[in-house]
Amino acid sequence: MALPGASGIKLPPFSLPPPHPLGANPSRSSLCTTNAFLRRRCGAFAAVVRCAKRTGKRRYPSEKKRLDRRHKEQLRQTAPEEGGVAREAGFWRLSKLAVPASEDPGKDFVGVSPPLLQAIAKALKFPVLKEPQFIYTVDVDAKKLLDMEPRTWDFIARLEPKLGAVEYMPDEKVATDLISMLDFHFKGSDDEQGTSYTVNNGSICPPRKKPRVAVVGSGPSGLFASLVLAELGAEVTLLERGQPVEQRGRDIGALAVRRILQSESNFCFGEGGAGTWSDGKLVTRIGRNADGVQAVMKTLVYFGGPPNILVDGRPHLGTDKLVPLLRNFRNHLRELGVAIRFNTRVDDLIVEGGQVKGVVVSDSRLQPCSVDQKLSFDAVVLAVGHSARDTYSMLLRHNVDITPKNFSVGLRIEHPQELINNIQYSELAAEVRRGRGRIPVADYKIVKSIGEGDAKSDTEQVEQNRSCYSFCMCPGGQVVLTSTNSSELCINGMSFSRRASKWANSALVVTVSSHDFKPFQSHGSLAGVEFQREYERRAAIMGGGNFVVPAQCVTDFIGNRLSVTSLPPSSYRLGVNPSKLHELFPPYITEALQQSIIMIDKEMPGFISTEALLHGVETRTSSPLQISRHNDSYESTSLQGLYPIGEGAGYAGGILSAAVDGMYCGFALAKQLSLFTGDIESILGKAQKQTGSVKY
């Protein structure tokens, strides 16, 4: 805003709040200190408002370049090493600072207003003044807009696509739930003899006996594969080693209160998979607005999920909302004729001539393989979770092609939720109100690269150059036990839908690869699994047994010392034991974690706190292996009739990506079984091709 009558009014300078003890630069997350201070002192900013008219005449580009070089040379000559003064001792003139007229105090105010302060910060690329914002994505109907306001034609005509910001769509993208989509596009009718006629775009498949398909595992991938196959006319049997979600909840309660671990019904095994007793996060990196993802989201709403998950930027369900949703999902599958068998563990495959012909199952409540039962099927969809280690061993006995996969291990950090709210929101933290206010409970997502450029050899590069990131951040949550064996200890985080707990927790994990599994290479393709087990056993010993978790103050972890004073409170209900977590992992993992925590604290001052507590150990971030399969058919490359999908097979990393993988596999298998002849990609778009690293 031009101020033609403004004279040079000098305002008294001020100093920013003292720097963080670790030398952290002000950033977005320091709003609670610096931003509030600036607002209180905005009238005392060390700035001079000058006349906006005297900004220099128009110049040719060549003249501008000469002036630019002259100014840079002048700055160089004033440097202390050249006998001049440091640049921070001089003055910097910032021109053409624009302030919206609706926000400016007006023509009679010549001081430094908060909106002008924002413009100054933007010009200096000084991030301390960034406000928390709600970010929206909207679809604009050009025709309706022109009908309402014809003068917007010029605006529409000038619109151009901009990656990540503006996208042109010839037609409105309106995804529907999977049930409605299947009813509309793939209608079938069954007769009394169990035969089916399938119609697809006018193409009728001849009547035939229903193919029999076993789906092993009732996690997201197994549920959605079962749904698609059953809707398209397959005779589906869903085999789940654990309990229905109601009994599973009681078993988890017994674990949390009486330390009774049911090996087949716990935080990992049972209806809904491991994600049921987690935060119920619905975030993914495969494209939130992709048609396949939207179809899964709409289906979750169809079964009772809250509609707001369709528009929230970081949607989550919470365990309390997942329980009734899974019950509705189960009832719908049974109405379709799906036979759901709980407490049924698959111990082996029936293989004849390189083709899977069925499975061998037993009652998981009894001793392994105590009473075997053989079941015949035309195809087996393997949708187990990443903790089904016995299944991996069984697959190797059949020479199924399995390769180790990168994953991550680390520790889970917990802070008071109020502290995270203050770091992220500043004065807005008061409006969180434990999930009941207009501002959502604060979370964070952090990725750091450690040791870039420091390696002198390939081996050093592998060990030093690693990624450290936050994983499964649970605002308003609690730390829970995810062990499936009493001699091994691993943990995770969970939240209910309201996220009303007074704690915030997140895993801080470091990537590990086959190079790190060399001490366990005698285990072949299961080297990564043995790597996990090694540190889970160490954590169990360090905790002292009985599911007590080893813990350490963050400040002591960085200082490589035992926490000798009392530990801060923890949400973990089975107890914590002061331990030397800095000695749990190999040095390259420990040092990566320590460096990352220090780097995080520079962006989020207060992250390193005496109230922050580290818990060990987090090892099951994703599958430690991948079962090779064909991209288009989803069939195993080494064993016909076997279809590995989801997180346990190494093709997903969360509820959404697993559900999408199961959905596409269901269509691919249905096509091979001649249940329909259409092209699902014309409706849901192309499935992600799994070549190389997997994008979750």
Side-chain angles (χ1 to χ4, degrees), residues 20 22 24-31 125 127 130 132-133 135 163-164 278-279 281-288 313-316 405-415 420 423-424 440 442-455 461-475 477 492-493 504-513 515-516 554 557-558 585 588-608 612 614-615 617-624 647 652-657 688 692-696:
H20 191 270
L22 290 176
N25 293 324
S27 66
R28 176 179 65 85
S29 54
S30 61
L31 283 168
K125 297 182 179 179
K130 287 184 180 179
Q133 299 174 325
I135 307 297
L163 186 63
S278 184
D279 191 46
K281 293 179 181 64
L282 300 176
V283 294
T284 179
R285 292 187 290 166
I286 61 176
R288 169 67 196 282
R314 294 182 181 176
H316 83 113
K405 182 178 71 65
N406 295 0
F407 60 99
S408 301
V409 298
L411 306 170
R412 185 157 286 267
I413 189 170
E414 186 171 69
H415 295 83
I420 300 300
I423 291 175
Q424 298 292 66
D443 62 3
Y444 55 85
K445 181 180 179 181
I446 300 161
V447 179
K448 295 297 176 187
S449 295
I450 305 299
E452 290 186 344
D454 297 334
Q461 184 172 356
V462 172
E463 291 192 354
Q464 295 181 19
N465 298 349
R466 298 177 183 273
S467 294
C468 181
Y469 58 94
S470 56
F471 171 78
C472 189
M473 197 278 159
C474 297
N492 192 19
N505 69 76
S506 174
L508 296 179
V509 293
V510 178
T511 52
V512 292
S513 64
H515 172 80
D516 303 304
V554 171
F557 177 75
I558 294 175
F585 288 114
Y588 59 84
I589 294 179
T590 300
E591 291 170 5
L593 288 169
Q594 291 171 335
Q595 293 177 42
S596 296
I597 291 172
I598 293 172
M599 294 168 68
I600 294 169
D601 190 73
K602 291 181 179 180
E603 294 185 6
M604 299 176 60
F607 192 83
I608 296 178
L614 287 168
H615 305 68
V617 63
E618 186 106 11
T619 53
R620 304 185 191 186
T621 54
S622 66
S623 175
E647 190 156 353
I655 293 174
L656 267 186
S657 57
Q688 180 187 342
S693 60
V694 179
K695 185 179 181 183
Y696 297 148

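Nothing fancy with the numbering, it's 1 onward along the sequence. Here the structure is a predicted model, which means the values were calculated and not measured.
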Does any part of the side chain of [Y], heavy atoms only, come nearer than 4.5 Å to the side chain of [X], both counted from C-beta?
X      : Y      : result
Cys472 : Asn492 : yes
Met604 : Ile446 : yes
Gln595 : Cys468 : no
Val409 : Val617 : no
Phe607 : His415 : yes
Tyr469 : Thr511 : yes
Thr590 : Phe557 : yes
Glu591 : Ile450 : no

Side chains of Tyr444 and Ser470: do they bring a donor and an acceptor to under 3.5 Å?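 No, no side-chain donor-acceptor pair sits under 3.5 Å.
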
Under the criterion salt bridge (charged side-chain N to carboxylate O under 4.0 Å, His left out), I'd like the reasoning laid out for Arg466 against Asp516: C-alpha separation, chi angles, the key distance, then a yes or no. CA-CA 12 Å; Arg466 298 177 183 273; Asp516 303 304; 2.7 Å; yes

Kindly give the heavy-atom pair with the smallest separation between [X] and [Y], and that separation in Å.
X      : Y      : answer
Ser623 : Glu647 : CB-O, 3.1 Å
Ile423 : Gly606 : CD1-C, 3.8 Å
Gly493 : Ser278 : O-OG, 3.3 Å
Ser657 : Gly653 : OG-N, 2.9 Å
Asp601 : Ile608 : OD1-N, 2.8 Å
Asn505 : Gly477 : ND2-C, 3.7 Å

Once rounded to the nearest 0.5 Å, what's the spacing between atom CD1 of Ile413 and atom NE2 of His615?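 Atom-to-atom, Ile413:CD1 and His615:NE2 are 10.0 Å apart.
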
Separation between OG of Ser506 and CZ of Arg412, rounded to the nearest 0.5 Å: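 Atom-to-atom, Ser506:OG and Arg412:CZ are 6.0 Å apart.
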
Applying side chain to side chain contact (heavy atoms under 4.5 Å, CB included) to Val554 and Leu614, what does each step give before you reach the verdict? CA-CA 6 Å; Val554 171; Leu614 287 168; 3.8 Å; yes

Any side-chain to backbone donor/acceptor pair from Lys281 onto Met473? Under 3.5 Å, distance only.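 Here the side-chain-to-backbone pair exists.
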
